[in-house]
Amino acid sequence: MSATNLEIARIFAQIADLLELKQESTFRVNAYRKGSRALESLAEDVQAVAARGELRKIGGIGASLAEKIEEYLRTGRIEYFDELSKTLPPGVSDLMTIPEVGPKTALLLYERLGITDIDGLERASRAGKVRELPRLGAKIEQNILQGIERRRQQTARQPLGIVLPQAQAVLEVLGAAAGVEALSLAGSIRRMRDTIADIDIVVATRAPDPVMEALVGLPQVARVLSRGATLSSVLLGVSGVQCDVRVVDPASFGAALQYFTGSKDHNVRLREMAVRRGLRINEYGVFRVADEVRVGGKTEEEVYGALDLPWIPPEIREAQGEIELAQRGELPTLVSLADVRGDLHMHTTWSDGDDTAETMARAAKARGYEYIAITDHSRSLRFAGGVGIDDLHAHARVVQDVGDRVGLRVLMGSEVDILPDGSLDYPDEVLRTLDLVIGSVHTRLRMSQEEMTRRVVTAMQNPHLDILGHPTGRLVGQRPPFDLDLDAVIDAARATGTVLEINAYPERLDLRDAHVRLARDRGALFEIGTDAHRRDHLRVMEYGIGTARRGWVEAPGVINTWPLQRLLDFLED
DNA sequence: GCCGTTTTCGGCCCGACTGTTTTCAGTCG
């Protein structure tokens, strides 16, 4: 997850593209792709892994890739890649990002027409030159032009919090169509990844027509990309997100859902296991190879069961060790929304929130919560209406009163700024009066890693600080995390008993999934808070839970699943 | 290039779609 991890991952992906263009063995190509993905999803800094001499313990990294990683860490280059790059102009592999253009076609375009980038491809297509190449025709040429056009308009992956509500709205309408026996989201949105490229929906029915009619008739559909009996694709409204709906026979629903939920790596592992058992898994079911007899597929449980595995929650289907744990019957019991007893991070009209403490408390009560904490901003965060010390006392009385009136425990808290020197924005005698203190960095984000780490760790050492809020400061798709030595922060969390926040606000989701996993593996405690600024924001808890689940977190590791008294005792210390 | 509860060598996930190809290669998910 560090910058270095991503740099090397990128190089490996580019090596894979180049090898593919050169028609190298697909297995070799895939080995680099797999290695690239392994580094991408590696939570720890690869440098640290290398220092321990454990590169080859990373799945997909063998002798050759480990050596190249070490070379990069040592010299900042990978000579093999440099040499490979010289054999083809850099833009040729970009051509493969256009639909219809794979390695064969990209190479053909380069060799026969001298095309070295996407602009060149567009010019040649408009000039009708592409259709003259062998195996290509007018239709493909047209599709290439459309693909280039779509790519220009298309936005990058969008935050889960933007896409999931749209997906749920589509799901609701399709579910009401005649003859639908079951349906579900699939793909990365079901796995609750923090960003989503497109929406996948699987529908079980014997009569596809009403479902497809319902889909293309949706008011939010901006364009119908394709409409078939088993697959239709549409673009949704302003966001421009593509939504693919697949219709399957109910007998295949589980197999299709499993298949289209992914991840790809997870599914590849399952199918490898199936082959070793003389089985074949596809989107229609599980089949015995010997006699083609179908042994399952109606439910996901049947698919996993055929491999003697328990059902694996979608959020952890990432080929990151979940299959091995499932084999041993040791899957974690992931925290769920139902475990949450309260929300410990929210704002009110006292700082930059839109609703009063009472409104928030009533909304929380309606969600079935037993307690909340009101955590308005501290004094120095003026642009967010930070609460001064004098106001804080009045604020505390209001909050106290609200709890009594609404009938749930309302903790008086604060989201206190961590100032650049690591001190907190209220003096200790003020902090002492609060039930709960979240410390967050909001200003001076561009410190060096050393400075930022010292700042945060210093704050964590203040005994009044209970929770480190949105620890890395990243904004999904907008702002990278600030430069922080997360290993040191996790160590400090354990040493000082500071809880790490999983901020559920969709633009944040911070800590993010891989960091949560890293912290969990080292025994850190978490709080999942919405950072709500309005009552309807309380529902974003769902995204925080998804992120926690992706990090393999169990309910006992999340303080806002604890009963009130246990939470109070903990905060007391 | 990776990997091992059938293997340290010989495998490596699976099927649909589509356009142009007259028998299927290439691309995609």
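All values below come from the heavy atoms of this structure, side chains included, with hydrogens, waters and symmetry mates left out. Proteins come first, then strands; the chains are lettered A, B, ... in the order of their sequence lines, and each starts at number 1.
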Exercise for the section: Check the distance between B/dC28's C1' and A/Q242's CD and give it to me in whole angstrom. Expected result: 12 Å
Exercise for the section: Would you indicate what A/G35 reaches in the nucleic acid, counting non-hydrogen atoms under 4.0 angstrom: base, sugar-phosphate, or nothing? Expected result: nothing
Exercise for the section: For A/L136, answer base if it contacts any base atom (sugar-phosphate contacts may also be present), sugar-phosphate if it contacts only those atoms, and nothing otherwise; contact means non-hydrogen atoms under 4.0 Å. Expected result: sugar-phosphate
Practice task
Provide the distance between the two C1' atoms, one in B/dC12 and one in B/dT8, to the nearest whole Å.
Solution key: 15 Å
Exercise for the section: Just compare B/dG26, B/dG1, B/dT6 and give me whichever is closest to any side-chain atom of A/R276. Expected result: B/dT6
Handout entry: Atom-to-atom span, NZ of A/K139 to P of B/dA25 - whole angstrom
Key = 23 Å
Practice task
Using a heavy-atom cut-off of under 4.0 Å over every strand shown, decide if A/P99 touches base, sugar-phosphate, or nothing.
Solution key: sugar-phosphate
Problem - Minimum-distance nucleotide to A/E283 side chain [options: B/dC2, B/dG15, B/dC17] - result: B/dG15
Practice task
Determine the Euclidean distance between corresponding P atoms of B/dT27 and B/dT20; express it in Å to zero decimal places.
Solution key: 14 Å
Exercise for the section: Check whether NZ of the Lys or CZ of the Arg A/K68 lies under 6.0 Å from the centre of the six-membered ring of A/Y80 and within 45 degrees of that ring's axis. Expected result: yes
Run the side-chain donor-acceptor check on residues 544-551 of chain A: report pairs under 3.5 Å with partners two or more places apart or on a different chain.
unit_1 : atom_1 : unit_2 : atom_2 : d
A/T547 : OG1    : A/Y543 : O      : 2.9
A/R549 : NE     : A/E315 : OE1    : 3.4
A/R549 : NE     : A/E315 : OE2    : 2.8
A/R549 : NH1    : A/V335 : O      : 3.0
A/R549 : NH2    : A/E315 : OE1    : 3.4
A/R550 : NE     : A/D513 : OD2    : 3.0
A/R550 : NH1    : A/R191 : O      : 2.9
A/R550 : NH1    : A/E318 : OE2    : 3.0
A/R550 : NH2    : A/E318 : OE2    : 3.2
A/R550 : NH2    : A/D513 : OD2    : 3.3

Fill in the blank from the handout: A/I140 atom CD1 is separated from B/dC24 atom C1', nearest whole Å, by 13 Å
Exercise for the section: Report the nucleotide, chosen from B/dG26, B/dG1, B/dT6, that has the shortest atom-to-atom distance to any side-chain atom of A/R28. Expected result: B/dG1
Problem - Check ion pair A/E54-A/R52 (N to O, under 4.0 angstrom) - result: yes
Practice task
For the pair A/R474 and A/D194, find out whether any cationic side-chain nitrogen is under 4.0 Å from an anionic carboxylate oxygen.
Solution key: yes
Handout entry: Assigned partner base of B/dT8, Watson-Crick or wobble definition, under 3.5 Å
Key = none
Completion exercise
Whole-Å distance, A/I61 CD1 to B/dG1 C1', equals 10 Å
Problem - Interatomic distance at P, B/dT22 relative to B/dG26, whole Å - result: 15 Å
Practice task
May I have the distance from A/Q258 (atom CD) to B/dG29 (atom C1'), rounded to whole angstrom?
Solution key: 14 Å
Exercise for the section: Could you tell me whether A/E300 and A/R190 make a salt bridge, using a distance below 4.0 angstrom between a side-chain N and a carboxylate O? Expected result: yes
Practice task
Check the distance between B/dC2's P and A/R33's CZ and give it to me in whole angstrom.
Solution key: 15 Å
Handout entry: P gap between B/dC14 and B/dC9, integer Å
Key = 25 Å
Exercise for the section: Select base, sugar-phosphate, or nothing to describe what A/A138 touches, counting heavy atoms under 4.0 Å on all strands. Expected result: sugar-phosphate
Exercise for the section: Kindly say if A/R280 contacts the phosphate of B/dG15, meaning a side-chain N or O under 4.0 Å from OP1 or OP2. Expected result: yes
Practice task
Would you mind reading off the distance between A/D265 atom CG and B/dG29 atom C1', rounded to a whole angstrom?
Solution key: 14 Å
Exercise for the section: In whole angstrom, give me the gap between the C1' atoms of B/dG11 and B/dT6. Expected result: 12 Å
Problem - Touch class at under 4.0 angstrom, heavy-atom based, for A/K264 against every strand present - result: base
Handout entry: Phosphate-side-chain proximity, A/T105 and B/dT27, N/O vs OP1/OP2 below 4.0 Å
Key = yes
Exercise for the section: Nearest-nucleotide wise, let me know which of A/R56 and A/V268 is further upstream toward the 5' end of DNA chain B. Expected result: A/R56
Practice task
Please say whether the positively charged group of A/R77, taken as NZ for Lys or CZ for Arg, lies over the ring of A/Y72, i.e. under 6.0 angstrom from the six-membered ring centre and within 45 degrees of the axis.
Solution key: no
Exercise for the section: Record whether the side chain of A/Y284 comes under 3.5 Å of the base of B/dG15 through a donor-acceptor pair of N or O atoms. Expected result: no
Exercise for the section: Could you give the distance separating B/dC2 and B/dT7 at their C1' atoms, to the nearest angstrom? Expected result: 13 Å
Exercise for the section: Name the nucleic acid region contacted by A/L279, choosing base, sugar-phosphate or nothing; use a 4.0 angstrom heavy-atom cut-off, strictly under. Expected result: nothing
Fill in the blank from the handout: Which of B/dT6, B/dC14, B/dG26 is nearest the side chain of A/R135? It is B/dG26
Exercise for the section: Could you check whether A/V275 gets within reach of a base, just the sugar-phosphate, or nothing at all, counting any heavy atom under 4.0 Å? Expected result: sugar-phosphate
Practice task
Nearest-nucleotide wise, let me know which of A/R246 and A/A63 is further upstream toward the 5' end of DNA chain B.
Solution key: A/A63
Handout entry: Gap between atoms CD1 and C1', on A/I323 and B/dT5 respectively (whole Å)
Key = 16 Å
Fill in the blank from the handout: Which of A/R269, A/H266, A/R317 passes side chain to side chain donor-acceptor pair (under 3.5 Å) with A/E322? Answer is A/H266
Practice task
Have a look at A/L65 and say if it touches a base, only the backbone sugar-phosphate, or nothing, with a 4.0 Å heavy-atom cut-off.
Solution key: sugar-phosphate
